[in-house]
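To start, the structure itself, in structure tokens.
Here is how names work: the chains are called A, B, and so on, in the same order as the sequence lines, proteins then strands, and each is numbered from 1. These numbers come from the heavy atoms of this one structure, side chains and all, not from hydrogens, waters or symmetry mates. Because the structure is predicted, anything quoted here is derived from the model rather than measured.
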Protein chains: 2
Amino acid sequence: MNNAVPSSASRKVTLNDVARLAGVSVATASKALNGRKQVRAETRARVVEAAEQLSFSPNELARSLLADRTGTVGLLTNDLEGRFSIPILMGAEDAFGADSVAVFLCDARGDAIREKHHVQALLSRRVDGLIVVGSRTDPRPSLGRELPVPVVYAYAPSEDPEDLSIVVDNVGAGRSAVDHLVSTGRTRIAHITGDPTYGASQERAEGALAALADHGLSLVGEVRFGSWTESWGRAAASMLLGQHPELDAILCGSDQVARGVMDALREHGRTVPDDVAVMGFDNWEIFTSGARPALTSVDMNFERLGRVAAQRLFAAIDGEPRSGVEALDTRVVIRGSTVPG
Amino acid sequence: MNNAVPSSASRKVTLNDVARLAGVSVATASKALNGRKQVRAETRARVVEAAEQLSFSPNELARSLLADRTGTVGLLTNDLEGRFSIPILMGAEDAFGADSVAVFLCDARGDAIREKHHVQALLSRRVDGLIVVGSRTDPRPSLGRELPVPVVYAYAPSEDPEDLSIVVDNVGAGRSAVDHLVSTGRTRIAHITGDPTYGASQERAEGALAALADHGLSLVGEVRFGSWTESWGRAAASMLLGQHPELDAILCGSDQVARGVMDALREHGRTVPDDVAVMGFDNWEIFTSGARPALTSVDMNFERLGRVAAQRLFAAIDGEPRSGVEALDTRVVIRGSTVPG
DNA sequence: GAAAGTGCCGAAAAGGCTTTCTGCGAACCG
DNA sequence: CGGTTCGCAGAAAGCCTTTTCGGCACTTTC
């Protein structure tokens with residue numbers, strides 16, 4: 001009554017073993033387990049049972065070698081610690097997991113040499129495709145057109161327009177932020193953002209200015225560039241309040257900046273949101289929910305970005321390549337810092 | 001003068017092609033490229049050149065099939081988005097990368113079924129070993145002893161003492177936090193921490209109390225358990241200040257809690273660090289550096305944890321398994337919230 | 001000058017699986 | 001009842017590489 005083969009999981013159960021136990025040839029065993037036609041139901045059952053008894057699991061290496069398709073993809077990131085890679089990676093893993101594809105993770109740490117090396121390693125392991133995740137929205141060098149597998153660039157687009165890149169629509173994000181503020185009745189809006197060398201800060205500002213113009217408004221003061229930190233948010237807000245005490249909303253380039261801004265507002269005796277509305281970008285939950293009141297923010301939908309990238313990669317692997325830059329839209333998550341209550 | 005074989009990277013350059021171009025047999029080509037003896041220098045050169053010309057890269061699948069060793073490991077995490085997995089993962093990737101090992105990443109999202117499935121998938125891809133990263137310090141179920149490859153548990157130990165687990169010494173972390181506070185002259189120390197169901201909060205508190213006893217001190221009030229949030233930090237600190245205005249230091253269970261505590265202190269007119277010292281755990285840079293003043297915190301050395309886990313896995317793969325729980329020590333990172341700047 | 005040794009190269013097997021193709025008995029058709 | 005299908009199983013080739021072993025042409029040794 002007890003399991004006769006307890007050591008089954010020990011090592012190396014091969015199709016041969018299954019076939020022998022079932023009393024058939026390896027060819028038949030293979031066909032039986034893979035649902036091929038050409039095998040009698042009774043025989044199939046015997047093989048399946050033998051496989052279970054031995055807890056057989058086919059060697060994917062051998063299978064891949066033959067099929068010239070491994071069911072693996074490479075995920076090449078450049079800032080594993082970063083805010084962006086992880087959700088994207090999760091989305092991708094999510095999309096892949098459904099189809100039982102495994103992902104090889106590599107972090108090039110921003111080093112081109114390392115990156116080359118990793119690509120080489122991945123190719124020698126015969127991945128079916130590659131997703132390259134950047135750490136900034138600025139375009140990055142292409143891996144080249146001569147690669148034997150499809151590549152999708154996520155977050156940071158490739159410089160080569162022939163490549164396919166999936167990015168976030170930062171201009172649109174800026175627009176929708178302003179739209180939201182205006183819809184809550186704000187008209188004297190200022191903008192404090194981060195590092196001016198980042199494409200993200202420029203594009204968000206561009207979108208915000210465009211939306212203001214559409215509404216017949218203009219920004220209070222200039223766009224304040226600085227760094228992506230709380231302390232910059234505090235400093236900039238203090239300055240701004242001195243120069244433009246009439247403002248009724250501050251759009252911040254990131255949630256961290258927004259946290260600093262809210263700190264400064266409180267110290268200047270301004271209340272949020274009644275007196276001044278505040279909102280950020282990124283919807284980084286640990287910052288938005290810790291704020292008082294909770295921070296309205298533009299969610300960049302990174303997980304979806306990862307999923308879309310994975311889907312596009314699948315399509316390309318299946319012979320339907322695309323190229324160009326595909327920008328995904330964002331969504332405003334409304335919380336207490338822009339609407340009372 | 002130009003490269004004669006531009007399409008080299010296209011598809012499927014095999015050792016056969018190299019051998020043919022070099023005018024030797026595949027056996028000789030293999031030996032030549034792998035630095036085996038038994039091949040004349042001149043012949044070797046010819047092969048190497050042929051390989052370069054075709055930009056040949058050996059099929060690792062075939063190689064692994066033969067060697068019964070893939071040079072890949074599986075990294076099974078349970079909260080990819082979490083604070084812990086990523087640095088551990090980076091440390092592991094770091095340690096592996098040096099020896100050109102590739103890592104398969106899987107996120108089971110805390111689901112046991114999913115986990116089983118991923119383990120199965122990884123085994124069928126013939127990983128050489130597994131690292132299992134937990135999301136909490138509490139012990140987790142073992143994957144079992146019957147696996148055909150070594151397993152190392154990181155952060156969350158396995159329930160089975162026969163397994164090898166690498167964890168953080170949270171008790172020691174609690175001790176060293178108190179030691180630091182005492183060394184700066186604090187004697188009336190309170191402790192606000194997070195979710196009481198987490199082993200981490202219990203162990204850190206335990207270490208803190210032990211260290212206080214060693215110094216002949218006792219805690220101001222009781223340990224305040226709550227949640228790992230800023231708002232809990234604020235609320236608990238306010239209560240605490242009402243009941244024990246004499247306190248001169250608050251040890252916080254996490255950096256987030258500490259941020260909330262500092263907020264509350266400021267609102268109650270207490271200055272940090274002169275009046276009250278504050279410190280946290282985790283040394284999460286985005287929180288510690290944004291605080292005013294910057295927050296002293298206990299760094300859990302997660303990257304090192306990842307590296308050690310990877311090293312232990314290597315050792316086990318090479319036939320030197322260990323078992324039991326290995327606790328790594330932590331370090332206090334001193335900033336302005338405990339010592340005047 | 002024959003026997004033994006050396007240096008290099010290639011044939012072949014192995015690793016685990018899938019697939020094609022062949023073969024064989026049974027069922028069908030006329 | 002002879003011949004054709006049909007259903008099912010097995011033999012064998014192939015995927016790409018490494019490694020063992022045998023063989024060939026030399027050189028060395030008495």
Parallel, tilted or perpendicular: ring planes of B/Phe302 versus B/Phe84, cut at 30 and 60 degrees: perpendicular
Along DNA chain D, first and last positions that approach a heavy atom of chain A under 4.0 Å: D/dC8 to D/dC16
Parallel, tilted or perpendicular, as decided by the 30° and 60° cut-offs, for the rings of A/Phe104 and B/Phe104: parallel
Chi angles and distances behind the side chain to side chain donor-acceptor pair (under 3.5 Å) call for B/Thr77, B/Ser85: CA-CA 7 Å; B/Thr77 170; B/Ser85 300; 2.9 Å; yes
Lys/Arg-Asp/Glu bridge criterion (N-O < 4.0 Å) met for A/Asp68, A/Arg63: no
Contact pattern, 5' to 3', of nucleotides 9-17 of chain C - B, S or - by protein heavy atom under 4.0 Å: BBBB-BBBB
Short N-O contact, B/Lys12 and B/Asp17, less than 4.0 angstrom: no
Side-chain donor-acceptor pair present, A/Asn78, A/Ser135, cut-off under 3.5 Å: no
Shortest non-hydrogen contact from B/Tyr155 toward B/Leu305: N-CD2, 3.8 Å
